[in-house]
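Only one structure is covered here, and it is reproduced in the block below.
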There are 2 protein chains.
Amino acid sequence: MVNEKIPDKDIIAKIKSIMPEDEFLYDLADLYKVFGDTTRIKILYVLFESEMCVCDIAQLLGMTQSAISHQLKVLKQSKLVKYRREGKTVFYSLADDHVRTIIDQGVEHIEE
Amino acid sequence: MVNEKIPDKDIIAKIKSIMPEDEFLYDLADLYKVFGDTTRIKILYVLFESEMCVCDIAQLLGMTQSAISHQLKVLKQSKLVKYRREGKTVFYSLADDHVRTIIDQGVEHIEE
DNA sequence: TGAACCTATGAGCAATGGTTCATATGTATT
DNA sequence: AATACATATGAACCATTGCTCATAGGTTCA
């Protein structure tokens, strides 16, 4: 019997034309990796409500200052949070609205 | 000098009321972890265009059948893809529209 | 300048993750 | 039943990751 599942050549061509560059896909995957950790998600939930300094986030989440600082660095590198310095204290806040949208879509998917 | 950065009690209360349960946050993080790998993202891009069987996805992406099958299992567990069997062949396709939305938001964030 | 405080960072360790390899399961055909 | 083909899966291996610990960098105030 003939193999009837030969993929359509047009579809193959379209997929190849639409598939982003590897470099772009790495960046994309790296962005999602940032959301793939509960500590970082908790930090984002905190920042949904208010800007906050490192030590307060740490206390609120019951974690060490070091652990939070390390994760804020990751969030900062992905441009998901920004910060401002006020004396000794550094206040972190959300960088833009995509954070909220991405989280909301994830929540929607989970809650179905 | 008095510490002027004492976090507002109302904000603390609000954050605690809004913060989801740990179990939920684990599920959420697990969902994003799925998007945090280029192989899985590539598979999703393929399925944006058409349902496809395991061996064709493998060939299209230049990877082994085993590697693709393992990753499809992950995507299946997260309910991001569904499948139908036709004889020896198993066709995979996207489960719902959240996949597209989540990817699109990520792309938007990257491209800024 | 020295002390106190807040934050950042590098090294090390345990846990997790993605691929390969070998093999099992499932289906169709003869 | 036997063979061939498509897919699934478990174990092993190497790479990555999140935390801790110790410590460095920066800022303020006396």
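Naming: A, B, ... by sequence-line order, numbering from 1 per chain.
Residues A:Leu31 and A:Leu80 have side chains in contact (heavy-atom distance under 4.5 Å, counting atoms from C-beta outward). Side-chain atoms of A:Val54 and A:Ile57, non-hydrogen and from C-beta on, never get closer than 4.5 Å to each other. Residues B:Ile15 and B:Ile11 are in side-chain contact: their nearest non-hydrogen atoms beyond the backbone lie under 4.5 Å apart.
In this structure, B:Phe35 and B:Tyr32 have tilted ring planes: the angle between them lies in the 30° to 60° band.
Rounded to whole Å, atom P of D:dC5 lies 19 Å from atom CD of B:Glu86. Distance, A:Leu72 CG to C:dT7 C1': 10 Å, rounded to whole Å. Taking atom CZ of B:Phe35 as the reference point, atom C1' of C:dG18 lies 18 Å away to the nearest angstrom. In this structure, CD of A:Gln59 is placed 12 Å from P of C:dT7, rounded to the nearest angstrom. Between A:Phe91 atom CZ and C:dC6 atom C1' the separation is 11 Å, expressed in whole Å. The nearest whole Å value for the distance from the CZ atom in B:Arg85 to the C1' atom in C:dT27 is 7 Å.
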Output one line per pair: protein atom, nucleotide atom from nucleotides 2-4 of chain D, and distance, for all N/O pairs under 3.5 Å.
none

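Applying the side chain to side chain contact (heavy atoms under 4.5 Å, CB included) test between B:Arg100 and each of B:Ile102, B:Asp104, B:Asp96 identifies B:Asp104 as the sole match.
No salt bridge links B:Lys79 with A:Glu112; every basic N to acidic carboxylate O contact stays at or beyond 4.0 Å.
Closest to the side chain of A:Cys53, from the set C:dT7, C:dT9, D:dT9, is C:dT7. When distances are taken from the side chain of B:Lys73 to each of D:dA6, C:dT9, D:dT9, the shortest belongs to D:dT9.
Shown here is A:Lys76, whose NZ atom has more than 12 heavy atoms of other residues, nucleotides or ligands within 6.0 Å.
The nearest pair of heavy atoms linking A:Met52 to A:Leu47 is N-CD2, 4.1 Å. Heavy atoms only, all atoms of each residue included: B:Lys14 and B:Ser17 are closest at O-OG, 2.8 Å.
A sub-4.0 Å separation between OP1 or OP2 of D:dA6 and a side-chain N or O of B:Tyr83 is absent.
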Exercise for review: If a protein heavy atom is under 4.0 Å from the base, mark B; if only from the sugar-phosphate, S; if neither, -; do that for nucleotides 13-23 of chain D going 5' to 3'.
Suggested key: ----SSSBBB-
